[in-house]
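So the structure is just underneath, and the comments pick up after that.
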Amino acid sequence: MTQSAIYSRVVGTGSYLPARRVTNQQLAEELATRGIETSDEWIVARTGIQARHFAAPDQTSSDMAVEAAKRALDMAGLNADQIDLIMVATSTPDFVFPSTACLVQTKLGITNGCAAFDIQAVCSGFAYAMATADNFIRSGAYRNVLVIGAETFSRILDFNDRTTCVLFGDGAGAVVLQASSEPGILSSALHADGSHSNILCVPGNVSGGAVQGEAFLYMDGQAVFKLAVKVLEKVAHEALEKAGLEASAIDWLIPHQANLRIMTSTARKLGAEEKMVVTVDQHGNTSAASIPLALDVAVRDGRIKAGQNVMIEGVGGGFTWGAVLFRM
Ligand code: ACO
């Protein structure tokens, strides 16, 4: 007897943004009290960012992940205990260990003993997590997988460094992926090149009861920009080729929301400028959370409809990059 193919379908999306919204103007005023000069005009012109959200002092990545997950479960019509695997993509976990995914499991009240682990691929984390979840589902190992991106980048920003602190924000996004006989994820492609680890990093670790090295984000903006534009176009074509589709088959493009100039450049090369979902203007760069946040916005406002092809693309520290093409 031949077994029919198993696909991974997105059956629920959810997102969460912390209550504190900070506009460029408000951030510029706060930074001015430290003697740091920036402006709404500079930030908008170079990045497209107008505002970002910052977590409350006692709010963690797992707290935000849980809120996003509850909304995705609700849309999927599932109880938390029906989840077989939880994956959280984050570079700003609550602790060194246990994983944020384990904390999410218990905060959701899940007692079924489902597997839970974190994925660390910085801003490509959500693409990495989706591709990994897809493999677990297609192998028949799991039926319902909660894939989350959650970040509190505000905790690793140096607010004396205007070249980075204006770029990032906090938030979480989630999807429920479910085994189905209908597509589903069509293809994925993941890559990394560790030789570029120094252009975007938090080069510190915990040792002997203290942080050794730096606990703030460092970025060589121009090096990141050049590499990001190059690899994003390439990986998009790789995912399309694997699925046997042309770029014209993409209905919605959801790039990692880092910088409007990088996003537009990639979308233009794919002929998908009109099909790009943009939330970087209101969210800033939320690293692994940016793609599921944007996906949830476009699903809930009715832009993304059942049967349409969505391409997500991530690029980030590592250096890592990846794309996942799926049918809603
Ligand atoms: N406000 C005002 N002026 C600023 C600011 C600021 N916030 N930051 C830098 N400047 C100044 C610089 O000091 C410099 O001044 P100078 O000419 O007097 O020396 C001038 O602006 C230009 O600086 P550049 O660094 O050359 O500016 P650039 O055009 O490269 O833009 C930026 C900087 C926005 C960071 C750009 O390089 C970029 O977008 N890089 C990619 C960053 C990115 O997307 N990272 C995330 C991807 S991966 C991930 O998400 C983790």
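The shown structure was predicted, so the numbers you read here are calculated from the model rather than taken from an experiment. Order of appearance sets the numbers: ligands from 1, and atoms from 1 within every ligand.
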*With sequence neighbours excluded, tell me which residues meet side chain to side chain donor-acceptor pair (under 3.5 Å) with His237.*
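Side chain to side chain donor-acceptor pair (under 3.5 Å) check on His237 returns nothing, list empty.
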*Hey, does the side chain of Ser61 reach the backbone of Thr92 with a donor-acceptor pair shorter than 3.5 angstrom?*
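Between the backbone of Thr92 and the side chain of Ser61 there is a qualifying donor-acceptor contact (under 3.5 Å).
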*May I ask you to decide if Ile83's main-chain N or O and Asn112's side chain share a donor-acceptor pair within less than 3.5 Å?*
yes
*Could Lys107 and Asp63 be called an ion pair, given the rule that one side-chain N must be under 4.0 Å from one carboxylate O?*
yes
*Sorted by chain and number, the residues that approach ligand 1 to under 4.0 Å with a heavy atom*: Glu37, Thr38, Trp42, Arg46, Thr47, Cys123, Arg162, Thr163, Val166, Leu200, Met219, Gly221, Gln222, Val224, Phe225, His256, Ala258, Asn259, Arg261, Ile262, Asn285, Val315, Gly316
_Could you walk me through whether Phe319 and Ile199 satisfy the side chain to side chain contact (heavy atoms under 4.5 Å, CB included) test, starting with their C-alpha distance in whole Å, then the side-chain angles of each, then the deciding distance to 0.1 Å, before giving a yes or no?_
CA-CA 8 Å; Phe319 212 71; Ile199 64 172; 3.9 Å; yes
*Considering only heavy atoms from C-beta outward, does the side chain of Ile304 approach that of Leu295 to under 4.5 Å?*
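When only atoms from C-beta onward are counted, Leu295 and Ile304 do touch, with a gap below 4.5 Å.
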